[in-house]
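Just so it is clear: chains get the letters A, B, ... in the order the sequence lines come, proteins before strands, and each one is counted from 1. Only heavy atoms go into these numbers, but all of them, side chains included; no hydrogens, no water, no symmetry mates.
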Amino acid sequence: MELSKYPLKTYKDTPSDAELVSHQLMLRAGLIKKLASGLFTWMPLGLRVLRNIEDIVRAEMNQSGAFEILMPAIQPSSLWEETGRWDEYGNLLLKIHDRHDRLFCFGPTHEEVITDIVRKEITSYKQLPVNFYQIQTKFRDEIRPRFGVMRAREFQMKDAYSFHFDQSSLDNEYDKMANTYNNIFNRIGLNFRKVRADSGEIGGSMSHEYHVLADSGEDEIGYCDEENYAANVEMIDSKSAPNGGLLSFTRGIEVGHIFQLGDKYSKNMGLSVLDHEGQKISPLMGCYGIGISRIVAASIEQNHDEKGIIWPEHIAPFDYIIIALNNKNYDITSKAKEIYEAIKSSGREVMIDDRDERAGVKFAEADLIGIPNQIIVSKRGLDQGTIEHINRSSGVKEDIAINELVEKISG
RNA sequence: CGGGGCGUGGCGCAGCCUGGUAGCGCACCUGAAUGGGGUUCAGGGGGUCAGAGGUUCAAAUCCUCUCGUCCCGACCA
């Protein structure tokens, strides 16, 4: 991608309504634009990050054996009345009417819809267990949206729902999802922690949250490494861990939540399958969410410095940015272009700053948008047959012979 | 919903107290110089001050209401 043609606008001044560093940097780096409270447009650079996260989540979910589907964002009120959640959920539900004056809501979550699908599709124990997931836009009319995409009203979420013949099958899947979540958050490059949690509105017995550790987090976590115990403080009623260990406290951003729902939804919605003896049983359910768009902000909270964002390599919008210093010098621009094409054909995502800007501007913006690898092409380097590689994260600079560069990258 | 702050070109702000029809920085356009950390100089375009009503000869400025937005709280799979 050539930056001279890329619709990227960055800002030196911090927008006044952004409180969190991640929110400030997302706006300054041109990743998102606010439309209204809790509603954001993902601009090209930001969307690349979002898609990278989605891709990782999708790959790991597929790997776990779950099936991707896509349910409607709009849901009829009747389904929600079956579970009693039309009233329970209250104003968090964005309620809307169609032209026939029928009532719908913009889905904040999809237990009702998936249970409806399964009660029509799954009729035998032989079809269990099964796990369906989707990556989709949700809407929750939050009382107080804040911190940009961290607590937006409209956001991207991966939600998965599993169905089981018995508890051991549910336990199995629950563990498998926990494992999958570990893989996902590790690949994304987050420093996170799995903690015990309250099930809240959604119901059910067992649940764990995945928190990205950050001082700016909205939740407080109590933990004890000796006992390998961690829980949301909402769950803690004493000052010590279960076996008496001392608790330490930290703050976290909830990016994932897994639940065992039991038979709450299957019972309320009349989902049943036949067992070996032809008797009806109510399948047990699990549900597993990941806040895709929230992860973008959470990642920035963990990975930034005074100059800007530092993307972990697997979610970075581009792997490399080639900075051609001095556009008036044909040798530089043509060599930069040559390197650009070479990296591109090696399969890495690369951006070239081919704008007629001063070195300072190019460095500052490259730092701000956080591309992991900066390749500097300059007269100074060309005279000795090298380019300079700067690692955004470590700051380490290294001169590399031009003819070795591509080799190094592909290797 | 309760409390507080703020709304002035795309962004950040000043002006408001002590009314007299709008200013600065960034960004943008043109030209020139410069060319390794948001460079410099010159020229230029863009806002009627969130909206409505009121006071006044005169309102960005004073008064009232409405809307928007942010923060704290309550709330939150």
Determine the Euclidean distance between corresponding P atoms of B/C1 and B/G38; express it in Å to zero decimal places. 49 Å
Look through every strand shown and name the nucleotide pairing with B/C41 as Watson-Crick or G-U wobble, where both distances are under 3.5 Å. B/G31
May I ask you to verify if any side-chain N or O of A/T10 is less than 4.0 angstrom from the OP1 or OP2 atom of B/G38? no
A/N191 side-chain N/O to A/L213 backbone N/O, donor-acceptor pair under 3.5 Å: no
Contact class for A/F155 vs. all strands (heavy atom < 4.0 Å): base, sugar-phosphate, or nothing? base
Given A/L261, which partner from the list A/C287, A/S162, A/S266 fulfils the side-chain contact (heavy atoms from CB on, under 4.5 Å) test? A/C287
Geometric cation-pi criterion, A/R294 with A/F155: 6.0 Å, 45°: no
Can you tell me the Watson-Crick or wobble partner of B/G2, both distances under 3.5 angstrom? B/C72
Rounded interatomic separation in angstrom, taking CZ from A/F259 and P from B/C76: 13 Å
d(CZ, A/R153; C1', B/G68) in whole Å: 12 Å
Are the charged groups of A/R355 and A/E365 less than 4.0 angstrom apart, N to O? yes
Partner nucleotide, any strand, of B/G23 [Watson-Crick/G-U, under 3.5 Å]: B/C13
Looking only at atom P, what distance separates B/C72 and B/C26, rounded to whole Å? 33 Å
Looking across every strand, which nucleic acid part, if any, lies under 4.0 Å from A/D141 by heavy atom: base, sugar-phosphate, or nothing? nothing
RNA chain B nearest-nucleotide lookup for A/P108 and A/K12: closer to the 5′ end is A/K12
If the plane angle is over 60° it's perpendicular, under 30° parallel, otherwise tilted; pick one for A/F318 and A/Y6. perpendicular
Please give the distance between the P atoms of B/A27 and B/C70 as a whole number of Å. 27 Å
Assess A/K95 against A/W86: is NZ or CZ under 6.0 Å from the centre of the six-membered ring, and within 45 degrees of the ring's axis? yes
Salt-bridge criterion met for A/R146 and A/D17 (N-O under 4.0 Å): no
What are the residues of residues 315-336 of chain A, sorted by number, that bring a heavy atom to within less than 4.0 Å of RNA chain B? A/L325, A/N326, A/K328
Among B/G73, B/G36, B/C11, which nucleotide has an atom closest to any side-chain atom of A/Y11? B/C11
Rounded to whole angstrom units, what separation is found between the CD1 atom of A/I143 and the P atom of B/A74? 11 Å
Check the distance between B/A74's C1' and A/R146's CZ and give it to me in whole angstrom. 10 Å
To the nearest Å, how far apart are A/I387 CD1 and B/G36 C1'? 15 Å
A/Y11 ring centre to A/K9 NZ or CZ under 6.0 Å, with the angle to the axis within 45°? yes
Mind checking the P distance from B/U64 to B/G4? Whole angstroms is fine. 15 Å
Any Lys/Arg nitrogen of A/D116 or A/R119 sitting under 4.0 Å from an Asp/Glu carboxylate oxygen of the other? yes
Between A/F185 and A/Y181, what is the ring plane arrangement, given parallel below 30°, perpendicular above 60°, and tilted in between? perpendicular
Return yes if the base of B/G38 and the side-chain atoms of A/E365 contain a donor-acceptor N/O pair under 3.5 Å, otherwise no. yes
Mind checking if A/A359 touches a base, just sugar-phosphate, or nothing, with heavy atoms under 4.0 Å? sugar-phosphate
Please tell me if the side chains of A/E111 and A/Y161 come closer than 4.5 Å, counting only heavy atoms from C-beta onward. yes
Indicate, with yes or no, if the rings of A/Y210 and A/H208 have centres closer together than 6.0 Å. no
Between A/Q24 (CD) and B/C71 (C1'), how many Å, whole number? 13 Å
I'd like the P distance from B/G12 over to B/A50, given in whole Å. 14 Å
Does any nucleotide pair with B/G36 by Watson-Crick or G-U wobble geometry, both distances under 3.5 Å, and what is it? none
Do the side chains of A/R251 and A/I221 get nearer than 4.5 Å, heavy atoms only? no
Which distance, rounded to the nearest 0.5 Å, do you find between the CG of A/D356 and the OG1 of A/T333? 10.5 Å
Please determine, for B/U64, whether a Watson-Crick or G-U wobble partner exists with both distances under 3.5 Å, and give it or none. B/A52
In terms of the nearest nucleotide of RNA chain B, which residue is placed more toward the 5' end: A/F147 or A/I390? A/I390
In whole Å, measure the gap between the C1' atoms of B/G15 and B/A60 for me. 8 Å
Does a side-chain N or O from A/K379 land closer than 4.0 Å to OP1 or OP2 of B/G36, or not? no
Can you check the distance between B/G10 and B/U21, where both ends of the measurement are the P atom (answer in whole Å)? 24 Å
A/R144 side chain near B/A74 phosphate (N/O to OP1/OP2, under 4.0 Å): no
Below 3.5 Å between N/O atoms, which protein atoms pair up with nucleotides 42-44 of chain B? Just atom names and distances, please.
none

Could you list by number each residue of residues 13-21 of chain A showing a heavy-atom separation from RNA chain B of less than 4.0 Å, or answer none if no residue does? A/D13, A/T14, A/P15, A/S16, A/D17, A/E19
Return the value, rounded to whole Å, for the distance between atom CD of A/E218 and atom C1' of B/C71. 13 Å
For A/H23 and A/L20, indicate whether the former's side chain and the latter's backbone hold a donor-acceptor pair under 3.5 Å. no
Same-atom distance (P) from B/G46 to B/U61, integer angstrom: 24 Å
Rounded to whole Å, CG of A/L35 lies from C1' of B/U69 at a distance of 13 Å
So what's B/G46 paired with, Watson-Crick or G-U wobble, going by both distances under 3.5 Å? none
Students often get this wrong, so: under 4.0 angstrom with heavy atoms, is A/E254 touching a base, only sugar-phosphate, or nothing? sugar-phosphate
